[in-house]
2 protein chains.
Amino acid sequence: MASHEMDARKERILRAIIDDYILTAMPVGSRTISRKYETGLSSATIRNEMSDLEELGYLAQPHVSAGRVPSLKAYRLYVDELLSGGALPQNPEAREFFSRRVRQVEDVITSAAQAISEFTRYTAVVMMPKQLELRVSTLQLVPMPRGAALLVIVTDTGAIRDTVIHVSESLDGDALYAISRMLTERLQGRTLQEVQEMLGAYSRQMGGDAQVLQGIAELAAQMARQSATDSVTVGGSHNILNYPEYSDVEKARAFLSVLEEKEKLMALLSGPDEACCVRIGPETGMPEMADCSVVTVSYQVGRGHHGYVGVIGPTRMPYGSVLSALSAIGGALTDMLGE
Amino acid sequence: MASHEMDARKERILRAIIDDYILTAMPVGSRTISRKYETGLSSATIRNEMSDLEELGYLAQPHVSAGRVPSLKAYRLYVDELLSGGALPQNPEAREFFSRRVRQVEDVITSAAQAISEFTRYTAVVMMPKQLELRVSTLQLVPMPRGAALLVIVTDTGAIRDTVIHVSESLDGDALYAISRMLTERLQGRTLQEVQEMLGAYSRQMGGDAQVLQGIAELAAQMARQSATDSVTVGGSHNILNYPEYSDVEKARAFLSVLEEKEKLMALLSGPDEACCVRIGPETGMPEMADCSVVTVSYQVGRGHHGYVGVIGPTRMPYGSVLSALSAIGGALTDMLGE
DNA sequence: GTTAGCACTCTCACTCGTTGAGTGCTAACC
DNA sequence: GGTTAGCACTCAACGAGTGAGAGTGCTAAC
């Protein structure tokens, strides 16, 4: 049974089949391999090898007289080789794609998702870990025309959130600054939860500026809510329509509807502790994604926390280039958010 | 030839056909009308009327033994009646859908697009008119941890933009406020263009805070760029997959790719001076949208300027409910942005 | 003016050959 | 023993042919 073990030639052939299938999305025949890929072997020999590879579980036939299609096990092997091969191919291009305006953490995340999806032509997902116990660092009111003011809350982690509130028209910039100072002094270092609680007490003391206090309370509540849950962003969701495996509208719709369920998305992305992770088909642990692959790369944000950037697409995916694009963006995110 | 003119009964039948077609997307037969809609007429009579309606150009037959399908002319009549019928049906629900967080103009726009698409289940597009000559109202630096500061620019129209810049760690909140005051004093009332020009001069005078000035210049440039062009946002783009007319992936892709071209989108939306506008098929003036309809409602923003909210979908569309949803959101937008 | 009845048309779904790609196997070859 | 040529075989994809069903148009009766 010597021929039923993997050898170098089998691996070469298998790789050629995977490459061709990734390219064409069509079952690959023995003739194709012997001609398009310079193996120096005839189609008959390739056929024998393919037959062995099928028995080994690396190939499958959609039907008897079609070519072969790589199995999940084949993708797994391919990816493992890719990952064990040490450093991923660098990809400065991908990084270049990601040089957008950067406003606050959320913007970084969405730009990253956009950049990845544009670059890879797949659907990109970026996830931010939840941040509990956010503490207020600064609280400031910026004057706006017509009795409005922009309330800005900055946390110790650098998260920014703001909202427009109405204030008495008699308050000028200096007055607003004085209020800001006072508020910052009292609220600095408090968690968002504490802020909400404290405002109840204050509102009795200083009835006049109830509007301001209410605005703060609302914004703090909103920030707390948002930061307490992991947040996740999708980019390029309709890129899947470019791939023949989704030429059935129903499939495309099923795919897109999963993307709208944040919980599922997060389940898809998070989990692994490794820097890179490729989950193929059922490995995603989600039945409805049984013929998709998820490639994720983690990035550092703050001390020890980490988020994930990922790509979701058909199992037939150029894992190498996707991984290198992802790790480029992951690196950029670590640089920007890691400190 | 009396029977070849439109009469009340023909209109009633036509309306029933349109309603049924909007509901089912299937050619409507005479029997269906005589049974599902309480006309008190037999299918044969309906058939005669349908034949007349076809001759009048309101109906078409995909093939001889299929039912009838409303023509563009029929939709046009239907919509015209709807519009001339005076006030649109109010739609408080739609307005409720649109009660989200509101940060700055852009956020309002995107929330509006989201709300409309979620409510109507069609693709929504919202457009903001360009705002030239934006003048600085306030400019403020908000302290952030670790030598960073949030630079906020507020314009006279209430547009807000911010960015994180690096500043000397020695500057505390009061120092930043002092700088903010100084900057506001000098730049208030200037247009964004002027601000950019003036900063060149300043940077020579006060070398120390070159970073701050550069940050301002960049942000001003960005604001100017963004506000000088009309901006447009899409929501619920993949809602079209819900409709059988797009069960062909190629059509869906063509549709989605138009949505990505901002210029085309703007051409689709803008134009009419009326408050409501329904363009059916070729009336959109865009060949690739020949079997889509575009429904737009305008809203006021600032003095005289107006933007548009719209829905894009198949010609078979419940124009009535779409219009009322749009005008509800349009009203809300006018309230929020109009002043 | 309205309706019942009937012949007619055309799509849709299904079946049935035909075609062609690709395999598996065997026998010859190096 | 490994490699290759040749050939029979299989099965999806395509096209033509067929029957059923939906819906019409027309005519004649009410």
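Here is the naming used below: chain letters follow the sequence lines, and residue numbers restart at 1 for every chain.
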Using a strict 4.0 Å threshold on nitrogen-to-oxygen distance, state whether B:E245 and B:K251 make a salt bridge. no
In whole Å, I'd like the distance from the CD1 atom of A:I13 to the P atom of D:dG2. 14 Å
Mind checking side chain to side chain contact (heavy atoms under 4.5 Å, CB included) for B:K262 and listing every partner two or more places apart, or none if nothing turns up? B:V232
Pick the closest DNA chain C nucleotide for B:P62 and for B:I46 by heavy atoms, then say which residue is nearer the 5' end. B:I46
Rounded to whole Å, how long is the line connecting atom CG of B:D7 with atom C1' of C:dG1? 12 Å
Applying side chain to side chain contact (heavy atoms under 4.5 Å, CB included) between A:R121 and each of A:I116, A:I240, A:N242, report the one that passes. A:N242
note: B:M26, atom CE; D:dA22, atom P; distance rounded to Å ~ 11 Å
Out of D:dC11, C:dC10, D:dT3, which has the shortest distance to the side chain of A:H63? D:dC11
Should stems be defined as at least three consecutive Watson-Crick or G-U pairs with both distances under 3.5 angstrom, which of them involve DNA chain D? C:1-30 with D:1-30
Counting primed atoms, P, OP1 and OP2 as sugar-phosphate and everything else as base, the B/S/- map of nucleotides 21-26 of chain C against protein heavy atoms under 4.0 Å is BSBBB-
Heavy-atom closest contact (A:T120 atom, A:A325 atom, distance): CG2-CB, 3.8 Å
Where B:R76 and B:I280 come nearest, the two heavy atoms and their spacing: N-CD1, 3.5 Å
Name the orientation class of the two ring planes belonging to B:F255 and B:Y246 (parallel below 30°, tilted from 30 to 60°, perpendicular beyond 60°). perpendicular
Could you tell me whether a side-chain N or O of B:Q61 sits under 3.5 Å from a main-chain N or O of B:V64, the two making a donor and an acceptor? yes
Side chains of B:Y75 and B:D80: do they bring a donor and an acceptor to under 3.5 Å? no
